[in-house]
Asks: 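Here it is, the structure, as structure tokens.
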Amino acid sequence: MTRALAVGVFSLALATSVLMSSANAENYVQFNDEHLDYGRTLWLETCEACHGYGIAGAPIPMKPREWRERVIKPEAELYDHAINGFFGPGDTMMPARGGNDALSDDEVRAAVDYMVALAKFYIEQERN
């Protein structure tokens with residue numbers, strides 16, 4: 001798949017998934033942490049559309065096998081991919097700022113922090 005095609009597929013998938021998104025807020029863990037709560041709100045508004053359903057190869061944080069290798073990466077790398085965008089293996093695509101150019105770097109970092117915490121929660125659940 002070419003990058004242009006990947007961007008087109010992402011755009012169509014995002015438009016479709018936004019219709020399904022955010023109505024499922026109760027399905028996502030809430031942590032007793034103000035920063036993570038803020039990140040959760042941002043994640044639901046922007047990131048859940050793809051990361052909740054695996055759109056464009058987005059890893060789903062509730063699936064530990066998709067996140068074990070990611071949660072051990074340096075935070076700076078995860079932030080960079082989320083802020084600047086990233087084409088991963090198998091033609092996966094992370095658009096810059098989740099496709100929401102209105103998000104500040106700090107807001108993107110908060111959403112990433114929530115998603116990593118969510119993934120770690122499910123990784124731990126699988127261990128128990």
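Every value quoted in this text rests on a predicted model; they were computed, and no experiment measured them.
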Asks: First locate atom CZ of R97, then atom SG of C47, and finally report the distance between them rounded to the nearest 0.5 Å.
Replies: 12.0 Å
Asks: Enter the distance from R70:CZ to K120:NZ here, rounded to the nearest 0.5 Å.
Replies: 14.5 Å
Asks: Say you draw a straight line from CG of L118 to CD of Q30; how long is it, rounded to the nearest 0.5 Å?
Replies: 11.5 Å
Asks: With distance as the sole test, does R40 use its side chain to make a donor-acceptor pair with the main-chain N or O of H35 at under 3.5 Å?
Replies: no
Asks: Please check if the number of heavy atoms outside N128 that lie under 6.0 Å from its CG is greater than 12.
Replies: yes
Asks: Cut-off 3.5 Å, no hydrogens considered: what does the side-chain donor-acceptor table look like for residues 74-89, sequence neighbours left out?
Replies:
from : atom 1 : to   : atom 2 : distance (Å)
Y79  : OH     : D113 : OD1    : 2.5
Y79  : OH     : D113 : OD2    : 3.4
D80  : OD1    : N84  : ND2    : 2.5

Asks: Between Y122 and K63, is the side chain to side chain contact (heavy atoms under 4.5 Å, CB included) condition met? List the steps.
Replies: CA-CA 7 Å; Y122 281 100; K63 294 185 176 183; over 6 Å; no
Asks: Treating E66 as the side-chain partner and I60 as the backbone partner, does any N or O pair qualify as donor plus acceptor under 3.5 Å?
Replies: yes
Asks: Write down the atom of A117, the atom of L36, and the distance for their closest heavy-atom approach.
Replies: CB-CD1, 3.9 Å
Asks: Holding to side chain to side chain contact (heavy atoms under 4.5 Å, CB included), I want the full list of residues that pass it with S104, two or more places apart in sequence or in another chain.
Replies: D106, E107
Asks: Under the side-chain hydrogen bond (donor to acceptor under 3.5 Å, both in side chains) test, which residues partner E124, sequence neighbours left out?
Replies: R127
Asks: Indicate yes or no: at least one non-hydrogen side-chain atom of P64 is less than 4.5 angstrom from one of F121.
Replies: no
Asks: Could you state the interatomic distance from CE (M62) to CD1 (I123), rounded to the nearest 0.5 Å?
Replies: 12.5 Å
Asks: Please say yes or no: joined through hydrophobic side-chain contacts below 4.5 Å, possibly via intermediate residues, are M94 and L44 part of one cluster?
Replies: no
Asks: Could you tell me which non-hydrogen atom of A110 sits nearest to which non-hydrogen atom of Y38, and how far apart they are?
Replies: CB-CD2, 4.0 Å
Asks: Minimum heavy-atom separation for I55 and A49, please, with both atom names.
Replies: CG1-O, 3.6 Å
Asks: Taking all non-hydrogen atoms of both residues, which atom of T46 and which atom of G98 are closest, and how far apart?
Replies: CG2-O, 3.7 Å
Asks: Has H51 got a side-chain atom pairing as donor or acceptor with A58's backbone, closer than 3.5 angstrom?
Replies: no
Asks: Report the C-alpha distance between Y114 and D37 in whole Å, list the side-chain angles of each, state the deciding distance to 0.1 Å, and finish with yes or no for side chain to side chain contact (heavy atoms under 4.5 Å, CB included).
Replies: CA-CA 8 Å; Y114 172 74; D37 189 45; over 6 Å; no
Asks: Do the non-hydrogen side-chain atoms of V112 and R109 ever get within less than 4.5 Å of each other?
Replies: no
